[in-house]
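Beneath this line is the structure, given in structure tokens, with notes to follow.
Every chain is numbered from 1 and lettered A, B, ... according to where its sequence line falls, protein lines coming before strand lines.
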Amino acid sequence: MNWISNYVRPRINSIFSRREIPENLWHKCDACGTMLFHRELTDNMNVCTNCGHHMGISPRERFHALFDGGIFSEVEVPAPLADPLHFRDQKRYPDRMRAAQKATGEKEAMLVVEGEIGRTPVVAVGQDFRFIGGSMGMYVGNAMIAAAERAVSLGRPMVLFSATGGARMQEGILSLMQMPRTTVAVQMLKEARLPYIVVLTNPTSGGVTASYAMLGDVHIAEPNALICFAGPSVIEQTIREKLPEGFQRAEYLLEHGMVDRVTPRTEQRDELIKIIRMMMKMPRAIKADLPAPGPDTAGEPLQVAPPEPAQDQSDPK
Amino acid sequence: MTRLHPVMKEYRWQLHLYLSAVIYPADVSERQMTNYLDFEKPLAEIEGKAEELRAVARENQEMDLEAEAAALDEKAGALLVDLYKDLTPWRKCQVARHPDRPHCKDYIEAIFTEYTPLAGDRNFADDHAVMGGLARFDDQAVVVIGHEKGNDTQSRLTHNFGMARPEGYRKAIRLMEMADQFRLPIITLVDTPGAYPGKGAEERGQSEAIARSTEKCLQVKVPLVSVVIGEGGSGGAVAFATANRLAMLEHSIYSVISPEGCATILWKDAERMREAAEALRLTAQDLHQLEVCDKIIPEPTGGAHRHRSDAMENVRVAVRDMLKDLSDLSPKELLKERRSKFLAMGSKGLAA
């Protein structure tokens, strides 16, 4: 009996369980329910190949698809004070941060990089909605300032991909103060006469929309992205009536004159190249799948930020 | 039953108010107007008792209850000092939102002269949640802009409870541009629960209007000083408070989100607003430590709503001092100073 239960049964189980298909190979579209093969979805930048629904994408994945040869280098962002208010709700703020870092493998909610898009040098900033809702805290403010300073020193345009629920409550008033701080960052670009292009993705709301995300020279929105100051549920509670279909969505904003264009994610690269090259008075771009820039055009060596397990280990259990 | 004339019916409340004003002498009606906050309940009881004693004494001339009433007054005074000595953050929120607290309109009447309101954003409408125009402060011509909440049902509706729509921010932008053009200092008075979350406001670009207003604050080459006189609610406040110098009244608050909103999101329960108010660090004292607020303006004992003119005088002195501080700076320096203030912000945390 012992021999059977300890040896035979586990062997039999292991043979059968191995045949199970890993779950993450297929992804179900949130909108139409089509099963999409993961590689197909990644190749299409997380846009459903059946219905064109735009699913969330991390800044790193997006930049891999955006930059020539998928090569970019990160711009260093000065680290702010950690937990200046000693904030505690149901969880301690530092614990929330560590959980988000572990889940995303990123340091914070914003990624600042530089590289070339269609041989057009840019500084790009991407917000990560997976990281505490892409919320704007002091790091995001520092990131915007670092990005603007880098763009000004290199004489490059800046592109922002916004994705956020708004200000980070855990940093209290200091997160609110990122509204003027990021506005100063945008002013640096304007004074240097460098284009600042904002790509609004789903969702962009709150204090971010009310500061740097609405101050672009050109506003491009992703289809059906929610872009607002106050969210639809807050408005419904306030005015006590049902909101119309498509309210605060990209197309609605286009109709109301708040964005310049609504462009699908897969077409954004070409559009950005076109617009930036015109604004920078550069010659027309050659449309091609450009490889990575050669050694003569490369800026700095590729830095891949390793996820930081050190912090987790130091956490006393 | 007597039938009221339809006109009388419509105006009976006003009639009632009018009659009560006639019946009660001024000092009594002022006392009756006191709106007590929930934590002031013991105080209300004592003051109520003193009032009762005095009423009894008025009716029976032979009874002398003045000594007892005075003792109660003294007790009430001590209690008031005690209550306001160490207000919790949530109580501060309540005081900051007190309906009798002087509002923007009161400050403009009290500490400015020749106030000339200027209306409209030249685009869509005039937003009554935002007051603004030309005025003299200490005889110096200035532009004053502020949120007005209103002080009774009618005026609260007119002023939309101090919640501005895009037109309000665009009016402010226009006034700030004008101030910049004619080199007039700008004084802003902040008192808003936040920007209005409505359908039309969103359609007309609430977020863009706030962003542009903050941007304009950072662009003007004139002194810009701001005072939080009550509630500094989120982005709606930033749009006016991005100033060279920011002062806050002792019991005012300035926060990224209302305690109720924060409690709903983080605790999934709006009733946990006390904890949220603690966690958010929204009091003038905490903000001074974080170097977001440059100056705390003292309030009379028992809050600005108990001694309105004293509170307003304190604000006048603070604004005068802040403007004096900035008077030596050139237009370029003013701009630079404002920017570097915000760029440096956040380098200081709170002590554990």
Measure the [atom1]-[atom2] distance between [X] and [Y] for me, rounded to the nearest 0.5 Å.
X: B:Gln219; Y: A:Glu191; atom1: CD; atom2: CD; result: 8.0 Å
X: A:Leu174; Y: B:Arg281; atom1: CG; atom2: CZ; result: 11.0 Å
X: B:Leu290; Y: A:Ile173; atom1: CG; atom2: CD1; result: 8.5 Å
X: B:Leu282; Y: A:Leu176; atom1: CG; atom2: CG; result: 11.5 Å
X: B:Cys262; Y: A:Met169; atom1: SG; atom2: CE; result: 5.0 Å
X: A:Arg88; Y: B:Glu275; atom1: CZ; atom2: CD; result: 11.0 Å

Name the region of [X], side chain, backbone, both or neither, that has any atom closer than 4.5 Å to a heavy atom of chain B.
X: A:Leu215; value: both
X: A:Tyr93; value: neither
X: A:Leu85; value: both
X: A:Tyr212; value: neither
X: A:Glu255; value: neither

Between chain A and each of [options], count heavy-atom pairs under 4.5 Å; write down the option with the most.
options: B:Ala279, B:Gly235, B:Gly194, B:Ala237; result: B:Ala279
options: B:Glu208, B:Gln206, B:Glu202; result: B:Glu202
options: B:Thr214, B:Thr242, B:Leu280, B:Leu266; result: B:Leu266

What is the minimum heavy-atom distance between [X] and [Y], and which atoms define it?
X: A:Thr209; Y: B:Ser207; value: CG2-OG, 3.4 Å
X: A:Ala167; Y: B:Val256; value: CB-CG2, 3.5 Å
X: B:Leu218; Y: A:Pro180; value: CD1-O, 3.5 Å

*asked:* Would you say NZ of B:Lys295 has more than 12 non-hydrogen atoms from neighbouring residues, nucleotides or ligands within 6.0 angstrom?
replied: yes

Practice prompt. Please say whether more than 12 non-hydrogen atoms of neighbouring residues, nucleotides or ligands are located less than 6.0 Å from CD in A:Glu76.
Written response: no

Taking side chain as C-beta onward, heavy atoms only, is [X] less than 4.5 Å from [Y]?
X: B:Lys199; Y: A:Pro244; answer: yes
X: B:Arg272; Y: A:Asp89; answer: no
X: B:Leu335; Y: A:Gln187; answer: no

Which portion of [X] sits near chain A, non-hydrogen atoms under 4.5 angstrom:
X: B:Ser255; result: backbone
X: B:Arg212; result: both
X: B:Leu287; result: side chain

Checking the side chain of B:Glu215 only, and the main-chain atoms of A:Thr183 only, is there a donor and an acceptor separated by less than 3.5 Å?
no

Ranked by heavy-atom pairs below 4.5 Å to chain B, first place among A:Met179, A:Met138, A:Met177 goes to A:Met177

Per-residue tally against chain B (heavy atom, under 4.5 Å) across A:Ala185, A:Ala230, A:Pro232, A:Cys228 peaks at A:Ala230

Test log, rule side chain to side chain contact (heavy atoms under 4.5 Å, CB included), inputs B:Met163 and A:Thr238 = CA-CA 12 Å; B:Met163 293 186 283; A:Thr238 311; 5.6 Å; no

